[in-house]
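Notes to accompany the following structure.
Side chains are part of it too, since the values below use all heavy atoms of this structure and drop only hydrogens, waters and symmetry mates. So you know, we letter chains A, B, ... as the sequences are listed, proteins then strands, and number each from 1.
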Amino acid sequence: MEDIILQLDRIEKRFDDAEVLRGIDLTIRRGEFITLLGPSGCGKTTTLRIIAGLEQPDGGRVLLEGRDVTAEAPNRRNVNTVFQNYALFPHMSVEANIGYSLRLKRVAKAEIKKTVAQALELVQLAGYEKRMPGELSGGQRQRVAIARAVVNQPKVLLLDEPLGALDLQLRHQMQVELKRLQKRLGITFVYITHDQEEALNMSDRIAVMREGRFEQIGTPAQIYDHPHTSYVAHFVGAANVLTGTVTAVDADTLTFSCLGGQGRVAHAGAPFAPGQRITVAVRSERVSLIADTGEGDGLPATVKEKNFVGGVLQIILAMADGSELVSSRHGIDSPLDAGDKVRAIWQPDSAVPVDLEAQP
Amino acid sequence: MKHAPSFGPLAAKRRKKRGDGPFLLAVLPLYAFTLLFVAGPLIYMVVLSFLQRAEVWGVVYTFTPQNYVHILDPIYLKTFVESFKLALLSTALIIAVGYPFGYFMAKLTAKWKQRMMLLLMIPFWTSSLIRLYGWIIIFRANGVLDKVLMALHVTDAPLKLLYTYPAVVVGMVYALVPFMIFSVYSSAEKLDWHLVEAARDLGANALQAFLTVSLKLTLPGLLSGIVLTFIPSMGLFFIADILGGNKVVLVGNVIQEQLMKAHNWPFAAALSVVLMVLTSLSIALYRRVAKVKDLEGLV
Ligand SMILES: Nc1ncnc2c1ncn2[C@@H]1O[C@H](COP(=O)(O)OP(=O)(O)O)[C@@H](O)[C@H]1O
Ligand SMILES: [Mg+2]
């Protein structure tokens, strides 16, 4: 039996005429770290605000531990938010900010002091009690905002791009810290980001969002290795997306023709027949390059340019129709030069057919 | 080697040091102007308050504390107390009307903000005196207000509000409430609404969020609004004159009378000095109580 803490049931939201959320379903288990991943404007913040009660949905329900809280005020839900801009109270010290929710609950002063000190310790800001938010760096404000939100021991902690304003190095450090914090506190995290790397790195599950819908929900491995749609394949890990026609179907794999060559892909039992259109996603690191033999598996290509990015060498290929395909490998060495004729190949099981629903 | 930071408080200090000379030179005319036209008259008034009136016109240059002793006369003391009470009442009403008005105005959409602003500005295009005569038409026996109330059967007889205390209070509130609205509005405009949401999120109900966040952060606007309305309401003699007849006599009326009718300039000056000291004291006291420094620059 699963221990479900939060459930979104066909949530809809319109702003004026714009449909921002188009019937969202999401089930979150206790203690889970779930990430809403999607580009800016796809409705992530709106979803979070509806969970927090700061926004009313136009349709659907929010269930917290099975109880319908859709109509309940934010202060009546045991859910706390780390806001995108931190939203620390500028007129209160760090101590007063963190103790705010406890003061509202009329917890004894000594108790508040103790809890605040513990929370500061937790986010590695011990001794910062008397500082004002204006005297803190971005990273420190971030930590205070987190401390303020967890001190109340919420059932669910909502985080809206909490690392968005930090520089890259601090961001990587905070990713690790946040993940540890979540393990330690055992609080369910609903985390928002538009950074796929962050999502893959931190989450138990990722919900990829697109224009007010969930495109795919799954573990980072499922999302990365088995994207359901070309959108997910492209957005997460920038996979190559190829479109072609099925030519032959075997027991495990099928062959399709595209870009003047042919490729193979594991079809995992999906009902394909020769002649059918197919869209396939292949990660760049799965694409190998061999000398162009002129026939057999693989797509003929010409090396266009080489980029060395983040310890990975990206080889950009120009395909028969002028489109681009990326092959990547570790290390900076490659015998290939721009203009070389090659053939791009991959193992059938490292490619996935996508957009199955969209196929005719 | 370490580079000196090009931002932050240290850098600001450096910039200030470097820029002080030309800066002072630039503001010198302003200081001179202020000294001449603000401090000058003040000093003249204080000096005047210690002189004697001449038999017919003008003053005699002999020192005397007599004018101040004269103020201790119960008649004048009572005027001060009455003025103070009226100012307190008016200010309280101005807060009650102006604060919510300014606060919610800041939450309107840009288009509606503009419209409200315009509506608030339009009255300023006519003389305040003329607008006060408008109130006479409304308040006088069988005037607009009486007719409306009687037509609605709220009252059966004319209220005859003109030349009563309430009429003066309404006049004061009417004349001064825009200053409170503008002052609160400019403060509320800067209020980050996310902070209120954060408070709600952390367990505050609407009232608690308002008291701990919104009110605290709009306090500067409220306080300057109070200063902008409390001080004038002690001295707006023409409102008491026009809407109160001779029934409501404020310090401002006495000063005006002494200056324009009795031609007792030294006594008028002494009354003004006492009024000024009293208002300054009340603001200082208020500041102590409210424990804020937000009035700096205003008082
Ligand atoms: N209060 C609002 N009024 C009108 N439109 C809004 C409001 N809030 C969000 N939107 C619109 O809804 C869409 C989704 O916004 P949001 O949930 O903030 O996206 P995300 O967080 O994924 O960037 C955007 O197009 C945005 O312009
Ligand atoms: Mg957002």
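At a 4.5 Å heavy-atom cutoff, the contact between Asn205(B) and chain A is made by backbone and side-chain atoms alike. Heavy atoms of Val151(A) lying under 4.5 Å from chain B are absent altogether. For Leu102(A), no part lies under 4.5 angstrom from a heavy atom of chain B. Only the side chain of Asn152(A) comes within contact range of chain B, with heavy atoms under 4.5 Å apart. The parts of Ala199(B) that come within reach of chain A are both its backbone and its side chain, each placing non-hydrogen atoms under 4.5 angstrom from that chain.
The number of heavy atoms from other shown groups lying within 6.0 Å of CD (Glu65(A)) is above 12. Within a 6.0 Å radius of CD in Gln169(A), other residues, nucleotides and ligands contribute 12 heavy atoms or fewer. Environment of CZ in Arg115(B): crowded, with over 12 heavy atoms of neighbouring residues, nucleotides or ligands closer than 6.0 Å. The number of heavy atoms from other shown groups lying within 6.0 Å of CZ (Phe124(B)) is above 12. Other residues, nucleotides and ligands contribute at most 12 non-hydrogen atoms within 6.0 Å of the CD atom of Gln114(B). In the displayed structure, Arg131(B) atom CZ is contacted under 6.0 Å by more than 12 heavy atoms of other residues, nucleotides or ligands. Surrounding NZ of Lys113(A) are at most 12 heavy atoms belonging to other residues, nucleotides or ligands under 6.0 Å away. No more than 12 heavy atoms of other residues, nucleotides or ligands shown are found within 6.0 angstrom of CD on Gln153(A).
What you find for Pro90(A) and Leu195(B) is that their closest heavy atoms are CD-CD1, 3.5 Å. Contact detail for Ala149(A) and Leu202(B): the closest heavy-atom pair is CA-CD2, 4.5 Å. The two residues Asp201(B) and Thr81(A) make their nearest non-hydrogen contact at OD2-N, 2.6 Å. The shortest heavy-atom contact between His91(A) and Leu217(B) is ND1-CD2, 3.5 Å. The shortest heavy-atom contact between Arg148(A) and Ala198(B) is NH2-CB, 3.7 Å.
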Quick one: do Asp192(B) and Asn85(A) satisfy side-chain contact (heavy atoms from CB on, under 4.5 Å)? Show the steps, please.
-> CA-CA 11 Å; Asp192(B) 180 359; Asn85(A) 55 1; 3.8 Å; yes
Verdict with reasoning, Glu197(B) to Arg49(A), per side-chain contact (heavy atoms from CB on, under 4.5 Å) = CA-CA 10 Å; Glu197(B) 291 189 333; Arg49(A) 288 172 58 81; 2.7 Å; yes
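Between Thr212(B) and Phe89(A) there is no side-chain heavy-atom pair separated by less than 4.5 Å.
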